[in-house]
> 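Sharing a structure, written as structure tokens. Questions coming.
Chain A is the first sequence line, chain B the second, and so forth, proteins listed ahead of strands; every chain is numbered from 1. Given the structure is predicted, the values throughout are model-derived calculations rather than measurements.
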Protein chains: 2
Amino acid sequence: MAHRHDSEPNTGTAQRPFADALARLKEVGLRPTRQRLALAKLLFDGGDQHITAEQLHGMARNASVKVSLATVYNTLHQFRDSGLLREVVIGQGRSYFDTNIHDHHHFFVEPMGQLVDIPVDSVEVGQLPTPPDGTVLDRVDVIIRVTRSA
Amino acid sequence: MAHRHDSEPNTGTAQRPFADALARLKEVGLRPTRQRLALAKLLFDGGDQHITAEQLHGMARNASVKVSLATVYNTLHQFRDSGLLREVVIGQGRSYFDTNIHDHHHFFVEPMGQLVDIPVDSVEVGQLPTPPDGTVLDRVDVIIRVTRSA
DNA sequence: ACAGTACATTAGAACGATTATAAACTGTTG
DNA sequence: CAACAGTTTATAATCGTTCTAATGTACTGT
Ligand SMILES: [Mn+2]
Ligand SMILES: [Mn+2]
Ligand SMILES: [Zn+2]
Ligand SMILES: [Zn+2]
């Protein structure tokens, strides 16, 4: 299986943060290298987050993990391709990688570009129109753009 | 007024494509320069379109309109700020400028990145969650990602 | 019409995020 | 351990976009 579903019973990974990184990599068939283990830990320990490549690189540096920006990009893309992460492209040319891989939507707080999750059942999207000829539905993104008001 | 509403009676601009460009610029208080007139014509003559800066620059070149890419960007942004265009940021770092300024949503055909309009009442988005504290709702974008199937 | 001025256009450089390259390194297998 | 495939890395390249500052143009008042 490529990724885990929300409704599956918890297999333990969420509870054992330190052993988890290795298990995740094994599961998707990626070699557990120093860099991937460290990045997996940074990504999956603690709650869900929406993080850019630059930010993750900064977190790594901050945690004294020696890893190049190129590897951060490589790893994020591999994790995305393996279903460990979801990529959210939003704003001008910025990619966020979302550790919440369940079906959900987003608030996008401009202008600083912060993402906030919206549970999928908080938005009633009924009655989808049929896709254009020769195309098949991939995914529905609802982005609620909000701005600072205070 | 900053822009025209869907429900207003047609004031004639849609019917008189050639006189239209000038009228539109006047309406929003932009000087009718050679470049802006030419770009307005390319944008607003004919049906609605979703166009990138590069594409519009290409259309201009193709129509023997001498205009720099910088001016194409400047003009698109001015038109957007004036309410003549809507900007749709989607895909990795690409901006589309949408001549359909009415409230509506989009199919996004990957991987070539074509946009197709969805009338706003074809998608039932009810029951929006309340925005995060200190923020106020700006706009709701529904993007239905589809892929080639044939 | 003309000068004065604010606004607009432009080529080219700069930018920021991302992707490609190709050489050095490391995990795994036998 | 040897051998190989897979991985990491510094660095260059790319892409769309924005900035700069020099030149050109549209409007205003006389
Ligand atoms: Mn699934
Ligand atoms: Mn309106
Ligand atoms: Zn999310
Ligand atoms: Zn549209």
> Does the side chain of B/Y73 get closer than 4.0 angstrom to OP1 or OP2 of D/dT18 through an N or O atom?
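No, no such contact exists.
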
> For the pair made of NE2 in B/H57 and P in D/dC15, what is the distance, rounded to whole Å?
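Those two atoms, NE2 and P, are 17 Å apart.
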
> Fit a plane to each ring of A/H50 and A/H106, take the angle between them on a 0 to 90° scale, and name the class: parallel (under 30°), tilted (30 to 60°) or perpendicular (over 60°).
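Aromatic pair A/H50/A/H106 classed perpendicular.
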
> Do the rings of B/F97 and B/H77 sit parallel, tilted or perpendicular, given the 30° and 60° boundaries?
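Correct class here is tilted.
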
> Establish, from distance only, whether the side-chain atoms of A/S95 and A/E87 form a donor-acceptor pair under 3.5 Å.
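Judged by distance alone, the side chains do pair up.
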
> For the pair B/D141 and B/R86, find out whether any cationic side-chain nitrogen is under 4.0 Å from an anionic carboxylate oxygen.
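Salt bridge between B/D141 and B/R86, a charged N being under 4.0 Å from a carboxylate O: yes.
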
> Side chains of A/Q78 and A/R36: any donor to acceptor distance under 3.5 Å?
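There is such a pair between these side chains.
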
> Which whole-number value in Å describes the distance from A/D81 CG to D/dG6 C1'?
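My rounded result for the distance is 16 Å.
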
> Nearest whole angstrom, please: distance from the P of D/dG16 to the CG of B/L56.
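About 15 Å, once rounded to whole Å.
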
> Within the 4.0 Å limit for protein heavy atoms, which parts of nucleotides 2-16 of chain C are touched? Write it as a string from 5' to 3', B for base, S for sugar-phosphate only, - for none.
-----BSSBB-----

> Mind calculating the distance between CD (A/E87) and C1' (C/dA17) to the nearest angstrom?
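Interatomic distance, CD of A/E87 to C1' of C/dA17: 12 Å.
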
> Taking CD from A/E54 and P from C/dT18, how many angstroms apart are they, rounded to a whole number?
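From A/E54 CD to C/dT18 P: 8 Å.
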
> Within 45 degrees of the ring normal and closer than 6.0 Å to the centroid, is that where the cationic atom of A/R24 sits relative to A/F44?
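Yes, A/R24 sits over the ring of A/F44.
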
> When all nucleic acid strands are considered with a 4.0 Å heavy-atom cut-off, which category describes B/H77: base, sugar-phosphate, or nothing?
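Answer is sugar-phosphate: B/H77 comes under 4.0 Å of backbone atoms only.
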
> Base, sugar-phosphate, or nothing: which does A/S95 touch, judged by heavy atoms less than 4.0 Å apart?
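Sugar-phosphate, no base atom in range.
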
> In whole Å, I'd like the distance from the CD1 atom of A/I51 to the P atom of C/dA17.
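Taking atom P of C/dA17 as the reference, CD1 of A/I51 is at 14 Å.
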
> Within this structure, what is the CG-to-P distance between A/L76 and D/dT7, rounded to whole angstrom?
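The answer, rounded to whole Å, is 15 Å.
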
